[in-house]
Amino acid sequence: MRILQLHVDYIEYTPIKEEIVDAEPIVDKEKKRLENIVVILLSVEKGDENLIIEDFLNETKKYLDTIKCNSLLLYPYAHLSANLEKPKKAMQILDRIEKELKINLKDSTYRIYRAPFGWTKQLEFRVKGHPMAENSKTFDNVSKSEPSIGNEKLVSLDGRQDDHDHAGVSQALSAEKTLKSSWFILEPNGLLTRYEDYNFRKTENNLKNLFKYEILKNRTVEEQPPHVKLMRKLGIADYEPASDSGNMRYYPKGRLLKSLLEQFVSRKVSEYGGLEVETPIMYDSHHPSMESYFNRFPARQYNIKSDQKELFLRFAACFGQFLMTKDFQISYKNLPLKLYELTRYSFRREKSGELVGLRRLRAFSMPDCHAFCRDLEQAKSEFEKRFDLSISVLEEIGLDMDQDIEMAIRFTKEFYENNKQFVNSLVSKIGKPVMMEMWSDRFFYFTLKWEFNFLDNQGKASSLSTDQIDIENAERYDISFIDEDGTKKYPIILHNSPSGAIERIIFALLEKSARLIKEGKTPFLPLWLMNTQVRIIPIKNELIPFCEKIRNELKDNLIRCDLDDRDDSLSKKIREAETEWIHYIIIVGEKEVESDRISVRDRIKKENYTIDNNAFIQLIRSQIKGKPYLPINLQENLSKRPRIAS
RNA sequence: GGUCAUGUAGCUCAGCCUGGCAGAGCGAAGGUUUUGUAAACCUUAGGUCGCGGGUUCAAAUCCCGUCAUGACCUCCA
């Protein structure tokens with residue numbers, strides 16, 4: 001038997017649903033709140049017989065006496081052990097423990113509670129700060145107990161790993177290493193509040209969820225995330241069983257969606273001044289620069305052996321760009337120097353259980369822009385430009401900074417104290433409170449980083465855009481420039497992904513749509529990302545030639561348009577177009593042949609109207625203005641298309 | 001790796017508890033129909049019920065093993 005004893009100020013738990021077949025039947029699914037109570041999280045293990053139960057009972061009584069607390073909650077908690085008893089038997093043992101405790105402690109004022117067994121439960125509690133408030137113990141036939149005591153809030157670096165953090169170079173994966181973190185809310189006016197002392201407003205639910213996700217590790221999930229269903233239904237992407245998990249297949253619609261996003265982000269970075277380069281996707285594991293890396297960051301990369309050479313697949317664009325930059329001759333006059341690559345792909349061998357749909361992959365496309373700066377002053381000014389760039393990229397893609405995104409900013413205490421004004425100026429651009437994490441020491445290669453997090457339908461946070469101030473890698477890679485005084489210096493490197501992984505953007509757009517569905521609203525993807533922007537449906541087959549004329553006219557105006565020439569009823573064709581989320585449907589009958597006007601069914605406005613041909617073209621052009629264009633990536637006649645979406 | 005769940009037609013799933021002819025809808029193919037704003041009608045094809053073993057007169061169904069997938073794993077006993 002393994003247990004965690006916790007003395008808490010309060011505990012709240014809510015049974016969500018039965019997790020196993022043998023879950024105990026319960027009537028009351030209300031949230032329970034208990035205050036000033038000892039909570040014992042326990043796992044019943046195979047071979048827990050009388051002696052062990054005796055030990056546990058004695059220990060529990062002793063503990064309650066020691067800390068002078070007279071209420072107790074028994075909380076079945078499977079995750080303490082890898083050697084669990086079968087559910088039925090475990091429940092019997094729990095029942096017995098509960099009864100024995102009640103009998104033993106009956107004469108006093110003790111109160112004994114027990115949380116339901118076999119249920120998925122939402123759990124929240126606050127542990128008291130005294131030295132005896134947290135103990136873990138093991139009861140078995142060999143070692144009687146092995147208590148470990150601690151009440152310091154430690155944050156494991158592994159636990160807070162920022163997946164797809166574009167510069168994944170950084171994240172130490174060693175679980176032993178911990179560093180002290182403090183959590184705050186930083187408001188646009190610079191006001192700083194400790195997380196514990198902050199009262200979240202109703203509109204700040206997403207921010208609250210972000211904290212929950214990061215600190216309380218509240219990640220209760222009941223089902224597959226909704227975007228997985230949508231990505232298949234819409235024929236965008238799917239799992240590929242023949243590959244490694246986390247390596248997806250993208251159907252024509254998905255490929256077009258990705259191409260457009262890739263082109264869009266690349267163009268925005270180019271306008272900002274990033275120079276696009278291309279670097280290899282695999283590297284020699286024994287190259288000196290790589291080795292120093294791996295020593296510090298036990299990696300999760302794909303390894304390949306080719307002849308006698310050991311190679312790994314890149315997990316970020318950093319190596320390629322750094323190795324390239326190292327060979328440049330750089331003067332201070334050339335700085336800031338900005339290099340950009342959109343990797344297709346970056347690879348990370350995430351643990352199999354961590355992979356989810358398009359949210360977390362093993363192969364993903366990551367825009368990655370590094371700026372090499374002369375000094376901190378230049379870095380800060382460049383940093384602000386990239387901050388603005390990232391905001392505009394997300395907004396133009398169709399995400400709402402106010403509703404969809406929560407910002408987190410993290411830095412060392414030292415950096416903050418020297419650059420308060422700079423930090424505050426970033427936050428004030430967001431115009432709402434952000435999550436702030438402050439580290440006592442610098443463990444990472446950067447002194448400051450921020451991310452924009454998308455909060456999905458399950459309250460899970462995924463980072464999209466991010467930027468970092470890196471003061472370590474220039475030296476490691478021997479990237480230098482000659483300063484005004486003729487001396488060799490190492491630049492500061494900024495690591496920015498203005499959008500985050502392209503696949504994750506698709507994930508965010510789909511989750512946003514799923515939210516609309518949940519709210520009873522019409523889900524949609526931005527018009528400029530739709531493979532079919534306009535669907536033409538003839539009322540009769542004889543009108544197909546006329547429809548083709550309209551289609552060609554739209555096509556000449558760079559509008560993606562297709563024609564439903566199948567032998568189906570009009571209603572059915574409309575229905576299918578609706579289920580494909582097509583924004584505009586044009587119905588063509590005799591009336592339309594005779595006039596210059598076309599009949600439009602507008603899915604977003606939810607209305608039908610007739611409109612002049614040119615006005616319609618302008619209506620669409622105005623909505624996709626400034627966005628990249630690619631021709632439709634499926635047969636223009638639906639009768640020629642195989643069925644792809646399921 | 002652990003816990004739990006799932007695996008039946010191209011897709012979504014029912015059947016399993018309580019053993020007795022392999023099912024439905026969608027999709028596909030052929031035909032009829034030529035449609036005015038969210039599913040026309042008829043017909044046909046389509047299966048190693050993940051795989052292996054066991055129990056039984058009889059197994060998709062019960063038991064054991066195994067493989068694959070999914071969710072979770074300092075979130076859900």
Side-chain angles (χ1 to χ4, degrees), chain A residues 1-4 13-24 40-45 74-87 90-91 93-94 114-124 134 136 150 153-156 158-160 175 178 212-213 215-225 228-229 232-233 238-239 241-242 245 351-357 458-460 537-544 566-580 585-592 599-603 606-609 642-646:
Chain A
M1 180 181 296
R2 285 169 189 266
I3 67 164
L4 266 179
Y13 66 89
T14 316
I16 306 291
K17 62 184 271 197
E18 295 94 332
E19 185 170 26
I20 55 174
V21 179
D22 289 324
E24 69 177 299
I40 297 191
L41 307 177
L42 77 167
S43 293
V44 178
E45 296 183 291
L74 292 167
Y75 195 100
Y77 197 73
H79 313 290
L80 298 172
S81 171
N83 183 32
L84 292 168
E85 181 57 272
K86 288 234 157 47
M91 200 152 88
I93 291 177
L94 272 172
R114 184 164 72 76
F117 180 93
W119 282 69
T120 298
K121 297 186 286 286
Q122 197 162 29
L123 174 64
E124 182 178 330
E134 290 182 304
S136 87
K153 183 95 188 169
L154 292 175
V155 176
S156 145
D158 189 36
R160 216 219 75 248
T178 52
K212 275 194 183 171
Y213 187 76
I215 306 175
L216 300 176
K217 311 293 177 194
N218 181 347
R219 301 179 193 182
T220 306
V221 164
E222 289 177 63
E223 54 194 23
Q224 206 180 30
V228 173
K229 217 169 159 181
R232 299 162 113 159
K233 180 182 115 77
D238 208 341
Y239 299 109
S245 21
K351 283 196 271 174
S352 65
E354 292 173 335
L355 303 165
V356 195
Q458 297 163 328
K460 292 193 173 197
I537 304 182
I539 276 171
K540 285 191 220 162
N541 287 356
E542 291 84 73
L543 300 173
I544 288 176
R566 294 174 302 177
D567 192 11
D568 278 315
S569 70
L570 175 65
S571 294
K572 178 160 179 178
K573 291 177 183 175
I574 290 171
R575 183 185 147 85
E576 287 210 3
E578 288 280 349
T579 59
E580 281 184 59
I585 303 171
I586 296 180
I587 310 287
V588 176
E590 263 100 9
K591 276 187 251 166
E592 286 74 22
S599 290
V600 177
R601 181 181 164 112
D602 187 320
R603 180 164 180 274
K606 285 199 173 307
E607 60 184 44
N608 302 341
Y609 46 83
R643 188 161 283 268
I644 294 173
S646 42

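Computed from a predicted model, the values in this text were never measured in an experiment. By convention in this document, chain letters (A, B, ...) are assigned in the order of the sequence lines, proteins followed by strands, and residues within each chain are numbered from 1.
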Quiz item: Hey, is A:Glu607 close enough to A:Arg601 for a salt bridge, meaning N to O under 4.0 Å?
Solution: no
Quiz prompt | Watson-Crick or G-U wobble mate for B:A38, both contacts under 3.5 Å | solution = none
Quiz prompt | B:U35 OP1/OP2 closer than 4.0 Å to side-chain N/O of A:Ser569 | solution = no
Quiz prompt | G-U wobble or Watson-Crick pairing nucleotide for B:G10 (cut-off 3.5 Å, both distances) | solution = B:C26
Practice problem: Take A:Ile587 and A:Ile539 through the test side chain to side chain contact (heavy atoms under 4.5 Å, CB included) and record every step on the way to the result. | Solution: CA-CA 7 Å; A:Ile587 310 287; A:Ile539 276 171; 3.9 Å; yes
Practice problem: Starting at atom OH of A:Tyr239, determine the distance to atom C1' of B:G7, rounded to an integer number of angstrom. | Solution: 16 Å
Practice problem: For B:U69 and B:U74, measure between their C1' atoms and round to the nearest Å. | Solution: 27 Å
Quiz item: Where the side chain of A:Ile587 is concerned, which of B:U35, B:A38, B:U37 is the nearest nucleotide?
Solution: B:U37
Quiz item: Does the A:Lys233 side chain pair with the main chain of A:Thr579, one donor and one acceptor, at a distance under 3.5 Å?
Solution: yes
Quiz item: Could you give the CD1-to-P distance, from A:Ile586 to B:G36, as a whole number of Å?
Solution: 19 Å
Exercise. Could you check how far CZ of A:Arg575 sits from P of B:A38, rounded to whole Å?
Key: 11 Å
Quiz item: If you find the nucleotide of RNA chain B closest to A:Pro76 and the one closest to A:Asp568, which residue's nucleotide is nearer the 5' end?
Solution: A:Asp568
Quiz prompt | Separation of atom CG in A:Asp567 from atom P in B:A28, rounded to whole Å | solution = 12 Å
Quiz item: Rounded to whole angstrom units, what separation is found between the NZ atom of A:Lys233 and the C1' atom of B:G27?
Solution: 15 Å
Quiz item: Which value, in whole Å, describes the distance between the C1' atoms of nucleotides B:U44 and B:G2?
Solution: 49 Å
Quiz item: Just checking A:Glu592: base, sugar-phosphate only, or nothing, at a heavy-atom cut-off of under 4.0 Å?
Solution: base
Self-check item: Residue-phosphate contact under 4.0 Å: A:Lys572 side-chain N/O, B:G27 OP1/OP2
Solution: yes
Practice problem: Provide the distance between the two P atoms, one in B:A45 and one in B:A39, to the nearest whole Å. | Solution: 29 Å
Exercise. Could you please name the partner base of B:G47, counting Watson-Crick and G-U wobble pairs only when both distances are under 3.5 Å?
Key: none
Quiz item: Which part of the nucleic acid, if any, lies within reach of A:Glu576 when heavy atoms closer than 4.0 Å are counted: base, sugar-phosphate only, or nothing?
Solution: nothing
Quiz item: What nucleic acid atoms does A:Ala115 come within less than 4.0 Å of, heavy atoms only: base, sugar-phosphate, or nothing?
Solution: nothing
Quiz item: Taking the P atom of each, how far is B:A24 from B:C67, in whole Å?
Solution: 35 Å
Quiz item: Hey, does A:Arg643 reach any base, or is it just sugar-phosphate, or nothing, if we go heavy atoms under 4.0 Å?
Solution: sugar-phosphate
Quiz item: Atom CD1 of A:Ile537 and atom C1' of B:U37: how far apart are they, to the nearest Å?
Solution: 8 Å
Quiz item: What nucleotide among B:U34, B:U37, B:A38 has an atom nearest to a side-chain atom of A:Asn608?
Solution: B:U37
Exercise. Might you work through the side chain to side chain contact (heavy atoms under 4.5 Å, CB included) test for A:Val228 and A:Tyr239, ending with a clear yes or no?
Key: CA-CA 10 Å; A:Val228 173; A:Tyr239 299 109; 3.7 Å; yes
Practice problem: Please determine, for B:A71, whether a Watson-Crick or G-U wobble partner exists with both distances under 3.5 Å, and give it or none. | Solution: B:U3
Practice problem: Using the P atoms only, state how far B:G1 lies from B:C57, rounded to an integer number of Å. | Solution: 40 Å
Quiz item: If the C1' atom of B:G47 is compared with that of B:G7, how far apart are they to the nearest Å?
Solution: 14 Å
Quiz item: With a non-hydrogen cut-off below 4.0 angstrom, is A:Leu570 in contact with a base, only sugar-phosphate, or nothing?
Solution: sugar-phosphate
Self-check item: For B:C62, the Watson-Crick or wobble counterpart (both distances under 3.5 Å)
Solution: B:G54
Self-check item: d(NZ, A:Lys540; C1', B:U33) in whole Å
Solution: 13 Å
Quiz prompt | Shortest non-hydrogen contact from A:Met91 toward A:Phe117 | solution = SD-CD2, 3.5 Å
Exercise. Give the rounded distance in Å between these two atoms: NZ of A:Lys591 and P of B:G36.
Key: 10 Å
Quiz prompt | B:U18 pairs with, by Watson-Crick or G-U criteria that keep both distances under 3.5 Å | solution = none
Practice problem: Answer yes or no: is there a side-chain heavy-atom contact under 4.5 Å between A:Met1 and A:Leu42? | Solution: yes
Quiz item: Just by modelled atom types, is the A:Lys573 backbone N or O under 3.5 Å from a matching donor or acceptor in the A:Glu576 side chain?
Solution: no
Self-check item: B:G23 to B:U8 separation - C1' atoms, rounded to the nearest Å
Solution: 10 Å
Practice problem: Report yes if the side chains of A:Leu570 and A:Ile537 come closer than 4.5 Å at any heavy-atom pair, otherwise no. | Solution: yes
Quiz item: Mind checking the P distance from B:C26 to B:A22? Whole angstroms is fine.
Solution: 24 Å
Self-check item: 5'-most by nearest nucleotide on RNA chain B - A:Ile574 or A:Leu94
Solution: A:Ile574
Practice problem: Please determine if a side-chain N or O atom of A:Arg601 lies less than 4.0 Å away from the OP1 or OP2 oxygen of B:G36. | Solution: no
